[in-house]
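Here is the structure we will look at, set down as structure tokens.
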2 protein chains.
Amino acid sequence: MDPLTEAKKKLMPEMTDLLKKRYQILQTIQMEEPIGRRTLSELAGMTERDIRKETDLLRSQQLIEAKTAGMAISPQGLEVLEALKEFMREMSGLSNMEKQLKVILGISQVLILPQDSDDIPAVKTKIGKEAARLLEMKFPLHKKIAVTGGSTMAAISKEISSEKRDRSLQFIAARGGLGEDVLHQANTIASLFAEKTGGAVKTLYLPDHLSAEAYEMMMREPVIKEMMELYDETDVVVHGIGNAEEIALHRKSSPEEVEMIRSGGAVSEAFGYYFDNEGNVVYRIRTAGIQMEQVQKARAILAVAGGRSKAKAILSYFNIAPRQTVLITDEGAARKIIELTTKQEEF
Amino acid sequence: MDPLTEAKKKLMPEMTDLLKKRYQILQTIQMEEPIGRRTLSELAGMTERDIRKETDLLRSQQLIEAKTAGMAISPQGLEVLEALKEFMREMSGLSNMEKQLKVILGISQVLILPQDSDDIPAVKTKIGKEAARLLEMKFPLHKKIAVTGGSTMAAISKEISSEKRDRSLQFIAARGGLGEDVLHQANTIASLFAEKTGGAVKTLYLPDHLSAEAYEMMMREPVIKEMMELYDETDVVVHGIGNAEEIALHRKSSPEEVEMIRSGGAVSEAFGYYFDNEGNVVYRIRTAGIQMEQVQKARAILAVAGGRSKAKAILSYFNIAPRQTVLITDEGAARKIIELTTKQEEF
DNA sequence: ATTGAGCGGGACGAAAATTGTCCAGCTTGA
DNA sequence: TCAAGCTGGACAATTTTCGTCCCGCTCAAT
């Protein structure tokens with residue numbers, strides 16, 4: 001750390017906590033505006049009185065405005081938030097946690113965003129924004145991009161800038177299957193990416209859970225073969241990481257599938273593969289989709305998943321994640337991952 | 001100001017004052033150690049309780065140590081002080097005051113050190129140290145240095161480093177006269193400089209206040225003539241600025257001299273010249289010494305004077321100070337000068 | 001050897017700030 | 001039209017801060 005900052009910390013030990021507290025409040029207000037004291041105190045885990053004291057201060061500094069519907073951030077507040085972004089990343093240990101996660105997960109880049117998307121839904125938007133920015137950086141060099149489905153992926157598609165259009169981009173749905181709500185299907189997401197960027201899209205609608213024979217037969221179809229060849233040429237893969245448990249509960253999976261997941265000890269899901277705690281593939285949805293080996297060959301891989309509830313799934317998947325994978329996650333997931341792994345070490 | 005610092009200030013408005021307060025306390029402890037709460041509270045202008053609260057904090061941070069003789073700064077405390085030096089200069093407005101003084105005094109460089117040497121004698125040492133550093137920077141290029149007397153000049157001589165010796169340096173007493181205590185005479189000071197640096201010294205012992213005839217006669221003496229020629233070749237002049245009033249009181253001046261000073265409205269003194277509020281020469285000690293015109297020709301001039309009591313004298317002298325003069329002073333003098341000049345503007 | 005000024009730390013009642021907790025009156029979205 | 005959620009005001013209870021005094025100690029000057 002900066003020797004100047006270090007010296008200030010020595011002279012003003014209260015500073016650190018106070019700054020963190022106020023920054024977090026301001027941040028939460030930004031994400032949840034308009035928001036009231038009571039809701040805010042729950043989200044921030046502080047007493048209402050404390051929140052009130054601090055918001056009074058923030059208001060007197062004109063960083064927030066109090067309307068009848070609740071408190072909202074002011075333009076100046078946004079500036080302050082932006083100016084302190086990097087500093088707070090150091091201060092609150094996010095940078096440090098990124099380093100730890102790199103080691104734990106065996107990859108070379110990790111990006112952690114503040115707060116927990118399990119508590120504050122808007123954190124997902126922030127994750128989406130950062131993932132979108134990282135992805136956009138790949139566009140000039142890498143044109144063939146495979147994307148999966150899920151709410152996290154949907155968040156990214158919303159944040160992709162439609163400023164710089166590039167007709168040479170090609171987005172490929174990483175799974176032919178339907179599986180989820182239309183809005184969160186890989187096909188839909190790929191189309192959204194294409195629309196935003198002005199690029200092309202390659203989709204494929206094919207039922208999940210085919211019988212073995214039907215699957216074999218379909219694989220021989222030209223249109224499917226073409227898709228599989230496209231996967232071979234994929235430059236970038238962008239995918240979410242699913243929580244096997246959640247998926248088994250929420251989605252209308254076949255009872256057979258659920259049983260396979262349960263008995264196999266599946267913890268995480270990505271591109272239609274299910275992994276157990278050690279990263280072994282315990283099940284795979286039978287549909288056209290990118291193969292693990294094809295993912296391995298990709299130049300860049302963005303894995304996006306946030307919220308402490310995803311910690312176990314992330315740990316599971318990263319047992320076999322390619323080294324070139326970049327993880328974009330949030331503080332909640334990161335803390336939980338570190339907690340889980342260091343606890344194991346203690347015993 | 002740094003946008004990061006600006007943002008922190010917005011989020012933590014208390015920070016500024018608190019930092020200033022603690023820094024000042026730590027600074028004062030450093031200069032006056034060992035020092036007790038009561039003495040400290042007087043120097044810092046705070047209540048004893050306040051001082052106690054803050055010193056308790058500083059001690060818990062191990063920046064100071066409490067011995068039976070009083071509190072003293074710790075090595076870590078020194079580090080903190082050093083690390084924050086430049087930052088605090090900005091924060092407490094010293095940098096800003098330097099800019100103001102440049103305009104007010106019509107010179108291109110001003111250096112202001114914290115606190116007031118009228119309150120804390122050790123500030124004089126700091127001034128001496130900085131002046132010494134500035135002077136040392138001139139040594140490689142400028143070899144002939146004229147120095148005056150006075151306690152401020154003595155402080156500089158104490159702080160001149162004896163590390164890098166330079167036999168080509170030549171120190172010249174700017175005044176032949178005695179005038180003051182032996183220890184503070186120009187001759188003595190010049191000798192001290194020479195001793196520290198390994199350079200040569202040119203001194204001249206000649207009574208002050210000669211009669212007009214005696215003075216004329218002396219001026220024709222070869223040894224004096226030689227001295228006057230040396231003044232012509234002077235590269236650097238280092239001088240203090242005296243308070244005419246104080247000089248008239250303290251020194252055993254001739255009643256005639258005191259009367260001249262009083263009736264002429266003398267405010268400041270430098271190199272044996274007395275100046276009034278407008279910078280007119282109202283009196284001059286009759287002794288061999290550097291001439292105003294010779295000072296004007298010098299490449300570099302360091303004027304050194306601190307303490308709010310010197311403010312009027314500084315203002316008076318800088319009416320006629322050459323543009324190449326650099327002023328080294330302290331916060332006390334600087335504030336007073338600004339106060340005096342802005343008050344005049346208001347009416 | 002003695003003394004006294006100056007020191008840190010303990011103590012404590014008075015005063016001030018903080019805290020938890022209400023409520024009134026408002027807007028807004030259903 | 002109503003209910004939910006919001007701000008800002010209020011206030012007693014509690015905690016913290018503040019001013020002040022004292023004690024025992026050290027150390028330098030006498």
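Here is the naming used below: chain letters follow the sequence lines, and residue numbers restart at 1 for every chain.
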Decide, yes or no, whether a salt bridge links [X] with [Y] under the criterion of side-chain N to carboxylate O below 4.0 Å.
{"X": "A/K310", "Y": "A/D118", "answer": "no"}
{"X": "B/E331", "Y": "B/R335", "answer": "yes"}
{"X": "A/E14", "Y": "B/R22", "answer": "yes"}
{"X": "B/K9", "Y": "B/E6", "answer": "no"}
{"X": "A/D56", "Y": "A/R59", "answer": "yes"}

Between [X] ([atom1]) and [N] ([atom2]), how many Å, whole number?
{"X": "B/K67", "N": "D/dA28", "atom1": "NZ", "atom2": "C1'", "result": "16 Å"}
{"X": "B/L58", "N": "C/dG8", "atom1": "CG", "atom2": "P", "result": "13 Å"}
{"X": "B/D50", "N": "D/dT17", "atom1": "CG", "atom2": "C1'", "result": "10 Å"}
{"X": "A/I64", "N": "D/dT7", "atom1": "CD1", "atom2": "C1'", "result": "11 Å"}
{"X": "A/L57", "N": "C/dT18", "atom1": "CG", "atom2": "P", "result": "11 Å"}
{"X": "A/M46", "N": "C/dT21", "atom1": "CE", "atom2": "C1'", "result": "20 Å"}
{"X": "B/D56", "N": "D/dG19", "atom1": "CG", "atom2": "P", "result": "15 Å"}
{"X": "B/E54", "N": "D/dG19", "atom1": "CD", "atom2": "C1'", "result": "16 Å"}

(message) Can you work out whether B/R49 or B/T39 has the more 5'-proximal nearest nucleotide on DNA chain C?
(response) B/T39

(request) By nearest nucleotide on DNA chain C, pick out whichever of B/T68 and A/R37 is the more 5' one. (result) B/T68

(message) With a 3.5 Å cut-off and heavy atoms only, can you find an N or O donor on one side and an acceptor on the other between the side chain of A/R59 and the base of D/dG8?
(response)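 There is none.
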
(request) For D/dT20, take OP1 and OP2 only and decide whether either is under 4.0 Å from a side-chain N or O of B/R52. (result) no

(message) Tell me whether the side-chain N/O atoms of B/K53 come closer than 4.0 Å to OP1 or OP2 in D/dC18.
(response) yes

(message) From C-beta outward on B/E48, which listed nucleotide comes closest to its side chain: C/dC7, D/dT7, D/dT20?
(response) D/dT20

